[in-house]
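Every number for a ligand or one of its atoms is a count from 1 in the order of the listing. Remember, it's a predicted structure, so these values are computed and weren't measured experimentally.
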Amino acid sequence: MTTHSVLKPQPRPEILAIDPYVPGKSRVPGVAKVHKLSSNESPLGPSPKAMEAVRALAGSLELYPDGASTALREAIGRRYGLDPARIICGNGSDELLALLAHVFLHPGDEGIYSQYGFLTYPICIRAAGGVPVVAKETDRTASVDAILAKTTARTKIVYLANPSNPTGTYISFSEVKRLHAGLPPHTLLVVDAAYAEYVTRNDYAAGLELASTLDNVVMTRTFSKIHGLASLRVGWAYGSAHVLDALNRVRGPFNLNGAAQAAGVASLEDMAHVERAIAHNSRWLPWLTEAIAKLGIEVTPSVGNFLLLTFPKESGRTAADADAFLSARGFILRAVAAYGLPDSLRLTVGGEEANRGVVAALGEFMRGQGD
Ligand SMILES: *Cc1c(COP(=O)(O)O)cnc(C)c1O
């Protein structure tokens, strides 16, 4: 029997051009205890109130959740002073980032993302039939000038992670406004503020004000990072009524499960927990930055809950060797070669034991011990 390709269902060609997203590793074969510092998860975990809310739901799993995530949208609205009608919740902000491309890109339209920006963006753009366009960064920081230089009549969406991942850098609110001012009105600016809560700079803004007042700005947020709910998948976006209307037509009718909604609401009722997570990060981010820089590793200044470490060529030590060395000792970092950063690893700020341990192990590695 002959098999010919047309006898099989054929995905659209642009789908097969997608490199699948590879999440951070979570285990090392043969190593019993690991510190997972590869996915920017919270070392404090979720609020105890969120855990209780999930437990309380166990007795009613046969019931469909509220398809409109009403209680969660109202809780977010109260917390940030926003109109709940202009909030959409997603199965992680990833779902919303993808929906935005599906809704606003026509076939062949261009979507711009920044050079080291989150690898989800080109996946979203391609999956929607669009053409991903990369804007070069300066000092591992998004460049407004480079993004605007790449903007054409076909540009329908611009994704900006602010702060960015994996670099941890950010651009100021005035730069975000300058970016918006330079974009045509038909281009949607998506500000992905997944790490906003961690930023302690007063020239930073997550994008609420722009998303509140402008037709072509959407801000996305997540409960995966500071709220410690990555497993449940809770994200949300805020934007103009016409953007929200389009998104609500295409999202899954029950896209947020009941546990996710309940845990999200409970998390917002425990801002003391969020404050603890911010305080923990504000203590350990500078500690790690300084301790690791002293070892001769380049550390990109970060405002998030993670650091990009770069192994200088002249050190004779490579990121790949460091990854193997640290993994064998139970410290899992994130390789970022897929981001075009083959000499770097990304390290999530962990708990005290993990932070002290990973610095000690990096020290051994740089001194060439245990080779
Ligand atoms: C972690 C992260 C997200 C959050 O994704 P979820 O789907 O909400 O878990 C979004 N954007 C960036 C840049 C991230 O690093």
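- A donor-acceptor contact shorter than 3.5 Å is absent between the side chain of Ser164 and the backbone of Leu160.
- With a heavy-atom cut-off of 4.0 Å, Asp192 touches ligand 1 through its side chain alone.
- Ser224 OG, 2.6 Å is the protein heavy atom nearest to atom 9 (O) of ligand 1.
- Against a heavy-atom cut-off of under 4.0 Å, Asn165 is close to the following atoms of ligand 1: 13 (C), 14 (C), 15 (O).
- For Ser93, heavy-atom contacts with ligand 1 shorter than 4.0 Å involve the backbone as well as the side chain.
- Side chain to side chain, Asn165 and Arg346 meet the donor-acceptor criterion of an N or O pair below 3.5 Å.
- Contact annotation for Phe223 and ligand 1: no heavy atom of the residue comes within less than 4.0 Å of the ligand.
- Residue Asn40 has no N or O atom closer than 3.5 Å to an N or O atom of ligand 1.
- Residue-to-ligand polar distances keep Tyr121 apart from ligand 1: every N/O pair is separated by 3.5 Å or more.
- Residues in residues 29-56 take part in these ring-ring contact (aromatic ring centres under 6.0 Å, His included) pairs, two or more places apart or across chains: His35-Phe331.
- Near Arg233, the atoms of ligand 1 lying under 4.0 angstrom from a non-hydrogen atom of the residue are 6 (P), 7 (O), 9 (O).
- Not close to ligand 1: Glu95, with no non-hydrogen atom less than 4.0 angstrom away.
- Note that Arg329 lies in the cation-pi zone of Phe325, set by a 6.0 Å cut-off to the ring centre and a 45° limit from the axis.
- A cation-pi arrangement is found for Arg356 relative to Trp287, the charged atom lying closer than 6.0 Å to the ring centre and inside a 45° cone about the ring normal.
- Among the atoms of Lys225, some N or O lies under 3.5 angstrom from an N or O of ligand 1.
- With hydrogens and angles left out, the side-chain atoms of Glu137 and Ser143 include no donor and acceptor closer than 3.5 Å.
- Of the possible donor and acceptor atoms, none in the side chain of Asn255 sits under 3.5 Å from a partner among the backbone N and O of Arg251.
- In this structure, Arg334 satisfies the cation-pi test against Tyr21, with its NZ or CZ atom closer than 6.0 Å to the six-membered ring centre and inside 45 degrees of the ring normal.
- Interface of Ala194 with ligand 1, defined as ligand atoms under 4.0 Å from a residue heavy atom, comprises 2 (C), 3 (C), 10 (C), 11 (N), 12 (C), 14 (C).
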